[in-house]
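Here is the structure we will look at, set down as structure tokens.
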Amino acid sequence: MAKIQYAATGRRKSSVARVRLLPGTGKITINKKPLDEYFGMEIVRREVRRPFEIAGCEGKFDVVATVCGGGFTGQAGALRHGISRALCVADKETFRAPLKAAGFLTRDSRMKERKKYGLKKARRASQFSKR
């Protein structure tokens, strides 16, 4: 018998999260590690759990995710986006409206600006000196 699972992809900055939701008890596994072990900061862990709080389905789904690229805040944002999308795949009528109102279904398009030639960074020029 095949298991029921809902898959989605979330992105933030240069991070990509492949998320699978399985009916379960609320266990979150990221890159084969539990959530508390993978993310050290409580704020980042809360950010990952927020879609479940807003949708009102804490403890109903297990999350198995693979995350690559970026730093820990970008990865947490990608996970949040992926979990929100997967919840919409699971039950569109119930979960879509509150998640959309919270802004969790919109891909955050802010990226690091590229470095330009003649400058030290994207916008930082070398210091001007009269002499």
Side-chain angles (χ1 to χ4, degrees):
M1 176 156 173
K3 279 187 176 180
I4 299 170
Q5 64 179 11
Y6 308 101
T9 305
R11 293 184 182 87
R12 170 83 169 89
K13 289 188 174 181
S14 60
S15 301
V16 179
R18 293 189 301 268
V19 177
R20 286 185 298 144
L21 285 185
L22 309 158
T25 58
K27 189 173 67 174
I28 300 175
T29 308
I30 305 154
N31 292 350
K32 298 180 181 175
K33 291 182 182 178
L35 175 69
D36 297 333
E37 191 180 317
Y38 192 79
F39 289 121
M41 296 174 63
E42 181 58 38
I43 292 172
V44 179
R45 289 189 291 233
R46 197 176 310 132
E47 187 75 14
V48 173
R49 290 191 192 104
R50 288 240 357 249
F52 294 115
E53 294 170 15
I54 287 172
C57 59
E58 298 108 319
K60 292 184 181 174
F61 294 101
D62 286 346
V63 178
V64 178
T66 306
V67 186
C68 61
F72 59 89
T73 51
Q75 288 186 351
L79 265 169
R80 185 185 78 174
H81 187 225
I83 290 170
S84 301
R85 280 178 153 185
L87 283 170
C88 284
V89 171
D91 189 359
K92 197 169 192 172
E93 294 81 32
T94 311
F95 299 140
R96 185 168 170 79
L99 290 171
K100 188 152 178 70
F104 288 176
L105 296 177
T106 307
R107 201 273 199 214
D108 193 347
S109 61
R110 295 176 295 175
M111 298 286 281
K112 188 178 192 306
E113 195 173 333
R114 70 170 285 267
K115 183 197 173 296
K116 279 76 165 193
Y117 56 85
L119 300 178
K120 290 187 179 287
K121 290 169 68 176
R123 298 183 184 205
R124 169 82 171 109
S126 57
Q127 187 173 358
F128 174 75
S129 175
K130 204 176 224 183
R131 290 180 192 89

Nearest 0.5 Å, what's the [atom1]-[atom2] distance between [X] and [Y]?
| X | Y | atom1 | atom2 | result |
| --- | --- | --- | --- | --- |
| K13 | D108 | NZ | CG | 8.5 Å |
| R50 | L79 | CZ | CG | 14.5 Å |
| L99 | C88 | CG | SG | 5.5 Å |
| S84 | K100 | OG | NZ | 11.5 Å |
| E47 | T73 | CD | OG1 | 9.5 Å |

Atom CZ of R45 with >12 non-hydrogen neighbours under 6.0 angstrom =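 Enclosed.
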Heavy-atom closest pair, residues [X] and [Y]:
| X | Y | result |
| --- | --- | --- |
| A76 | V44 | CB-CG1, 3.3 Å |
| L105 | H81 | O-NE2, 3.5 Å |
| R124 | Q127 | NH1-N, 4.4 Å |
| I83 | V48 | CD1-O, 3.7 Å |
| S15 | G71 | OG-O, 4.1 Å |
| C57 | L87 | SG-CD2, 3.8 Å |

Look at the side-chain heavy atoms of Ile, Leu, Val, Met, Phe, Trp and Tyr, link any pair under 4.5 Å apart, and say whether V64 and V89 land in one connected group.
->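 Different clusters: V64 never reaches V89 through Ile, Leu, Val, Met, Phe, Trp or Tyr contacts under 4.5 Å.
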L21 side chain reached by F52 side chain, heavy atoms, under 4.5 Å | yes
Got K120 and K115 here, is their nearest side-chain heavy-atom distance under 4.5 Å?
->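 With C-beta onward as the side chain, the pair stays apart.
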With side-chain contact (heavy atoms from CB on, under 4.5 Å) as the test, would you mind laying out the steps for R110 and R12 before giving the verdict?
-> CA-CA 8 Å; R110 295 176 295 175; R12 170 83 169 89; 3.6 Å; yes
For [Y], does its backbone N or O pair with a side-chain atom of [X] as donor and acceptor, under 3.5 Å?
| X | Y | value |
| --- | --- | --- |
| K92 | R96 | no |
| E53 | E58 | no |
| T9 | R18 | no |

Hey, can you tell me if F61 and Y6 have their rings parallel, tilted or perpendicular (30° and 60° cut-offs)?
-> perpendicular
Return a table of donor-acceptor pairs under 3.5 angstrom between the side chains of residues 27-36 and protein atoms on other chains or two or more places apart.
from	atom 1	to	atom 2	distance (Å)
N31	OD1	V67	N	2.9
N31	ND2	Y38	OH	3.2
N31	ND2	V67	O	3.1
D36	OD1	R49	NH2	3.3

